[in-house]
Visitor: 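Pasting a structure here, questions to come.
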Amino acid sequence: MPRSPQQPPPQHPPRRARRETRRPSFFWVLAALILPLFNLAVKFRFHGRELPQTGAFVLSPNHFSEIDPVVMGAAAWKLGRAPRFLAKESLFKIPVVRWFLRTSGQIPVARAGSRSHAALRAAEELVEKGRMVIVYPEGSLTRDPDLWPMRGKTGAVRIALEQDIPLVPAAHWGTQALMPRYGKKIHPFPRKTIDVIVGEPIDLSAYRGKALEPALLAAATNDLMQAITKLVGELRDETPPATRWDPAAHGQKETGRLDDPGHRGATGRVDDAEAS
């Protein structure tokens, strides 16, 4: 959708020293291998505020294409931070993949149990080493047929509260032209323009220092999803839906591929604060 002439012009990353990306790391190799080809297919337009250039924080964007992690990883690097993501713990059991994930500082996601300490320790290293981690609060590609953010899960909020670090919302738009939701092919040509916006950190002061009960996590997640949805609306120059899409109301799975995301209905959306 064309951008409104009333919207502010795109802002590009500042030219001042980008501390993390200037430090030698494994990411230099990845950037050298991936970015030249990626830049042939994608042109970024950056809006909003800068990413914090120092210190640990959680970056939470919207999610509607399977290529989003590559897009946001490239965007984060261009904005001066090395991208790290949550990864399934099972991937850390594959020898070559394990080496790649550990070398690049990715964080294992483990279910509660004897091995959950690995994820906790990795999250603690975020603070110790001042790293950023990208966490998709929706947990999967949105089921909303119009690609608006759906109801959120509490993982991003939990990390931010447990580790007492900032939670920064973000949004992007245009990725669907590069690779449609549930698409199997990338469409690099003609070159696609992808807009990325970074919002103000979520005010979590009302939730910090309290027991992380389900109701508290749901309320904080609702704040996060509202901020992300607002940013998506700014990029699309559209008014977001009053409530978010709820897969359960449509009998949809919340994870995995979904070939028929259904149609919007009066009971198809839910306020995250009311969701369990």
Side-chain angles (χ1 to χ4, degrees), residues 3 7-23 25-87 104-107 126 131-138 141-142 147 149 156 166-181 186-188 191-201 224 227-236:
R3 293 180 56 77
Q7 288 184 288
Q11 299 177 7
H12 298 281
R15 294 185 180 275
R16 64 183 178 84
R18 293 168 178 171
R19 299 183 182 90
E20 189 173 17
T21 54
R22 288 182 179 272
R23 293 198 299 265
S25 71
F26 181 67
F27 285 99
W28 279 19
V29 178
L30 293 179
L33 293 174
I34 297 173
L35 285 183
L37 291 176
F38 193 76
N39 288 337
L40 294 176
V42 170
K43 173 186 176 182
F44 283 108
R45 292 191 300 193
F46 293 100
H47 312 265
R49 69 194 308 274
E50 301 176 34
L51 287 180
Q53 292 298 297
T54 59
F57 67 97
V58 178
L59 182 68
S60 289
N62 58 322
H63 195 15
F64 56 80
S65 172
E66 290 175 324
I67 203 171
D68 286 347
V70 177
V71 170
M72 288 306 299
W77 183 259
K78 288 176 178 288
L79 289 170
R81 296 304 301 257
R84 295 176 175 87
F85 296 84
L86 298 184
S104 58
Q106 308 308 311
I107 297 178
L126 286 176
R131 291 174 171 175
M132 175 195 77
V133 63
I134 300 174
V135 181
Y136 291 100
E138 294 167 89
L141 305 187
T142 181
L147 303 184
L167 176 61
V168 179
H172 59 83
W173 188 247
T175 307
Q176 69 277 18
L178 183 64
M179 186 176 187
R181 179 175 52 178
I186 298 175
H187 304 282
R191 192 181 188 203
K192 308 301 188 293
T193 297
I194 296 179
D195 290 284
V196 176
I197 186 170
V198 178
E200 296 288 337
L224 172 62
I228 295 173
T229 303
K230 181 180 178 181
L231 293 175
V232 174
E234 290 182 26
L235 291 182
R236 295 175 58 165

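What you see is a predicted model; the values in this text were computed from it and never measured. Residues take their numbers from the sequence shown, with the count starting at 1.
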Visitor: Under the 3.5 angstrom rule, does the side chain of Ser65 hit a backbone N or O of Met179 as a donor-acceptor pair?
Guide: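 Answer holds: yes.
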Visitor: To the closest 0.5 Å, what do you measure between OG (Ser60) and CD1 (Ile228)?
Guide: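 Interatomic distance, Ser60 OG to Ile228 CD1, rounded to 0.5 Å: 5.5 Å.
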Visitor: Any side-chain heavy-atom pair from Tyr136 and Pro61 closer than 4.5 angstrom?
Guide: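 In contact.
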Visitor: Between Val168 and Gly199, which heavy-atom pair has the shortest distance, and what is it?
Guide: CG1-O, 3.6 Å
Visitor: Hey, what do you get for OG1 (Thr193) to NZ (Lys43), rounding to the nearest 0.5 Å?
Guide: 5.5 Å
Visitor: What residue pairs, at least two apart or across chains, pass salt bridge (charged side-chain N to carboxylate O under 4.0 Å, His left out) with a residue in residues 52-70?
Guide: Glu66-Arg257
Visitor: Mind listing the closest non-hydrogen atom pair of Pro169 and Leu224 along with its distance?
Guide: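 Of all heavy-atom pairs spanning Pro169 and Leu224, the closest is CB-CD1, 4.1 Å.
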Visitor: What distance separates Glu234 CD from Ile197 CD1, expressed to the nearest 0.5 Å?
Guide: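 CD1 of Ile197 is found 4.5 Å from CD of Glu234.
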Visitor: Which heavy atom of Pro149 sits nearest a heavy atom of Thr142, and at what distance?
Guide: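 So the minimum-distance heavy-atom pair works out to C-OG1, 4.0 Å.
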Visitor: Distance check, rounded to the nearest 0.5 Å: Leu79 atom CG versus Gln53 atom CD?
Guide: 8.0 Å
Visitor: Rounded to the nearest 0.5 Å, what separates atom CZ in Phe27 from atom OG1 in Thr21?
Guide: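 One gets 11.0 Å once the value is rounded to the nearest 0.5 Å.
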Visitor: Between His172 and Phe64, how do the two ring planes meet: parallel, tilted or perpendicular, split at 30° and 60°?
Guide: tilted
Visitor: Closer than 3.5 angstrom, by distance alone: can the side chain of Arg191 be matched with the main-chain N or O of Val42 as a donor-acceptor pair?
Guide: yes
Visitor: Nearest heavy-atom pair of Ile67 and Leu178: which atoms, and what distance?
Guide: CD1-CD2, 3.8 Å
Visitor: Please give me the minimum heavy-atom distance between Ala76 and Ile134, naming the atom from each residue.
Guide: CB-CD1, 4.5 Å
Visitor: Mind checking ring-ring contact (aromatic ring centres under 6.0 Å, His included) for Phe57 and listing every partner two or more places apart, or none if nothing turns up?
Guide: none
Visitor: Indicate every side-chain donor-acceptor pair of residues 30-40 with a distance under 3.5 Å to a residue at least two apart or in another chain.
Guide:
{"from": "Asn39", "atom 1": "OD1", "to": "Lys78", "atom 2": "NZ", "distance (Å)": "3.1"}
{"from": "Asn39", "atom 1": "ND2", "to": "Leu35", "atom 2": "O", "distance (Å)": "3.2"}

Visitor: Is any side-chain heavy atom of Pro83 closer than 4.5 Å to one of Met72?
Guide: no
Visitor: For the atom pair CG (Asp195) and NE2 (His47), what is the distance rounded to the nearest 0.5 Å?
Guide: 3.5 Å
Visitor: Indicate the atoms forming the closest heavy-atom contact of Val71 with Phe44, along with that distance.
Guide: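 Result for this residue pair: O-CZ, 3.5 Å.
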Visitor: Is any side-chain heavy atom of Pro52 closer than 4.5 Å to one of Met132?
Guide: no
Visitor: Report yes if the side chains of Glu200 and Arg49 come closer than 4.5 Å at any heavy-atom pair, otherwise no.
Guide: yes
